[in-house]
Amino acid sequence: MEQERTEIASLGEFGLIDHLTKNNETVQAGTILSVGDDSAVIDHFGKQTVISTDMLLEGVHFDLMYTPLRHLGYKAVAVNLSDIYAMCAEPTHITVSIGISNRFSVEALDEFYEGVYAACRRYNVDLIGGDTSSSLKGFVISVTAIGEVAPDKFVTRSGAKVNDLLCVSGNLGAAYMGLQILEREKRIFLESPGVQPDLGNKAYIVGRILKPEPRADIVNWLKEHEISPTAMIDVSDGLSSEILHICTQSGVGCILYEEKIPIHSETRDMALEFNIDPTTCALSGGEDYELLFTVKQEDYEKIARNEQISIIGYITEKEENTNLLTKQGNKHILKAQGWNAFSEQKK
Ligand code: ADP
Ligand code: MG
């Protein structure tokens with residue numbers, strides 16, 4: 001079937017912005033002025049404002065060969081909201097800026113924005129502006145997320161104290177294994193274009209890389225149960241790198257138990273098929289967008305009741321260093337390997 005293709009040039013920059021935002025609806029009481037003026041205006045009614053911004057570059061952060069544009073739009077928003085939740089704050093607004101070449105049609109951008117708006121609806125945030133520019137070749141996306149938090153209730157990376165429990169939500173390493181599957185199917189496709197991708201029963205891990213969800217549920221649950229984490233960060237580069245951020249910025253050390261690291265069975269199976277140690281996936285794979293945080297010992301009972309949270313270790317004095325205690329009982333110093341561990345391009 002021939003797909004319709006409307007050239008961006010036929011709308012022009014302002015026509016395109018109007019086209020992409022004409023159905024934009026806002027739901028936040030604090031949205032005083034949205035798209036259409038020189039600036040947007042928001043009110044956080046006495047709360048503090050948190051802001052985070054991220055850039056996504058085609059060929060560096062995403063590959064359009066296996067990333068549907070709708071998923072990309074959703075993910076671009078989701079990963080930014082994850083940074084807001086990682087402050088224990090509530091996201092309220094986003095701006096979306098894009099750099100596009102004439103390779104893209106208006107229909108392609110519509111798909112991208114379907115994903116953007118879907119994430120906005122899912123997380124109750126308003127799109128209040130952005131910027132649109134031409135790029136020579138690749139697709140450039142920059143999202144800024146804005147959120148609110150009760151005065152001084154935001155949680156930084158630097159508040160972890162000796163004896164605090166080290167906790168993580170969900171499971172780790174799945175997105176990295178999902179990426180390995182997509183990369184493998186891409187190579188097979190490039191070699192023999194007739195072959196259909198075999199994603200078989202890999203839906204979970206492929207979903208984790210293509211459509212991550214920020215852990216709003218965890219932040220809300222902590223609030224409902226009156227648990228104030230002492231430090232928090234979202235897991236975008238792999239567990240060891242994030243643990244090191246918390247430990248360095250808090251001036252502490254830690255013990256991480258390998259056997260406590262939560263890994264999904266699909267991740268484990270796939271890792272073994274690829275001859276990768278599942279623990280390495282969790283430690284050094286990225287893009288899980290889970291929350292890593294520390295809580296006081298006295299919150300143990302409450303935390304232990306939430307099946308979505310694993311207690312994976314505890315905080316020690318800085319002098320004791322950052323340690324991984326393996327299943328065999330050996331102690332290793334944790335290193336941040338990021339994607340380098342797999343000789344991938346470092347983000
Ligand atoms: P200015 O020249 O003042 O920067 P623009 O023409 O770039 O204004 O933008 C006009 C309005 O459209 C502004 O409210 C801006 O935030 C919004 N806007 C521009 N591009 C986008 C986009 N890609 N998505 C959402 N809103 C956008
Ligand atoms: Mg502008």
Side-chain angles (χ1 to χ4, degrees), residues 50-64 66-99 111-128 130-131 138-147 154-155 157 168-179 182 204-220 232-239 241-242 245 282 284-293 338-339 344-347:
V50 291
I51 303 184
S52 178
T53 193
D54 260 315
M55 186 139 87
L56 294 172
L57 303 178
E58 183 180 352
V60 178
H61 301 102
F62 59 89
D63 187 331
L64 287 178
Y66 52 69
T67 313
L69 281 161
R70 193 176 294 112
H71 287 69
L72 184 62
Y74 192 93
K75 180 170 174 173
V77 176
V79 303
N80 273 270
L81 301 186
S82 177
D83 279 320
I84 302 291
Y85 288 117
M87 302 300 291
C88 252
E90 188 77 30
T92 54
H93 301 86
I94 56 163
T95 64
V96 175
S97 299
I98 50 176
E111 266 185 53
F112 176 79
Y113 268 80
E114 267 178 45
V116 168
Y117 286 121
C120 285
R121 281 193 301 274
R122 167 76 179 72
Y123 292 97
N124 237 1
V125 303
D126 289 347
L127 172 71
I128 53 165
D131 201 17
F139 188 20
V140 179
I141 308 159
S142 174
V143 176
T144 296
I146 301 164
F154 56 88
V155 177
R157 300 173 177 184
V168 72
S169 65
N171 60 75
L172 301 170
Y176 180 76
M177 282 326 300
L179 180 64
L182 293 174
Y204 178 72
I205 55 177
V206 170
R208 288 293 304 256
I209 184 77
L210 290 182
K211 196 169 176 282
E213 301 285 357
R215 298 309 304 255
D217 56 335
I218 298 292
V219 171
N220 291 334
M232 190 181 263
I233 187 170
D234 67 331
V235 182
S236 52
D237 290 336
L239 181 63
S241 157
E242 317 303 356
H245 280 307
S284 303
E287 304 213 62
D288 294 312
Y289 299 104
E290 295 294 345
L291 292 172
L292 174 73
F293 56 96
W339 295 89
E344 287 271 339
Q345 188 168 17
K346 180 99 179 99
K347 286 183 294 178

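With I94 as reference, V116 is the one residue of I146, V116, T53 to meet the side chain to side chain contact (heavy atoms under 4.5 Å, CB included) rule.
I209 CD1 to Y176 OH: the interatomic distance, rounded to the nearest 0.5 Å, is 10.5 Å.
What you find for V50 and A89 is that their closest heavy atoms are CG2-CB, 3.6 Å. H61 and M55 get closest at one heavy-atom pair: CE1-O, 3.6 Å. Contact between S82 and Y289 at its shortest, heavy atoms only, is OG-CD2, 3.7 Å. Listed here is the closest heavy atom pair of P212 and A78: O-CB, 3.4 Å. Across every non-hydrogen atom of R215 and S169, the tightest pair is CG-OG, 3.6 Å. Between N171 and E290, the shortest heavy-atom distance links the atoms O-CG, 3.5 Å.
Using a 4.5 Å cut-off on side-chain heavy atoms (C-beta onward), T67 and L210 make contact. Taking 4.5 Å as the limit, some side-chain heavy atom of I141 sits within range of a side-chain heavy atom of L72. Side-chain contact between L179 and Y66: present, with at least one pair of heavy atoms (C-beta onward) separated by less than 4.5 Å. Annotation: side chain of N80 is not in contact with side chain of T144 (no heavy-atom distance under 4.5 Å). Taking 4.5 Å as the limit, some side-chain heavy atom of D237 sits within range of a side-chain heavy atom of E242. K75 is not listed as a side-chain neighbour of F62, based on a closest heavy-atom distance of 4.5 Å or more. Considering only heavy atoms from C-beta on, I218 stays 4.5 Å or farther from Y85 through its side chain. For the pair V143 and D54, the minimum side-chain heavy-atom distance is 4.5 Å or more.
For the residue pair R208 / Y204, a side-chain donor-acceptor distance below 3.5 Å is found, with atom types taken as modelled.
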Test side-chain contact (heavy atoms from CB on, under 4.5 Å) on L291 and D234; report intermediate values, then the result.
CA-CA 4 Å; L291 292 172; D234 67 331; 3.9 Å; yes
Determine whether Y113 and I98 satisfy the following criterion, side-chain contact (heavy atoms from CB on, under 4.5 Å), listing intermediate values before the conclusion.
CA-CA 11 Å; Y113 268 80; I98 50 176; 4.0 Å; yes
CA sep, side-chain torsions, deciding dist, call: V77, Y123, side-chain contact (heavy atoms from CB on, under 4.5 Å):
CA-CA 10 Å; V77 176; Y123 292 97; over 6 Å; no
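Under the 3.5 Å distance criterion, the side-chain polar atoms of E58 are left unmatched by any main-chain donor or acceptor of G138.
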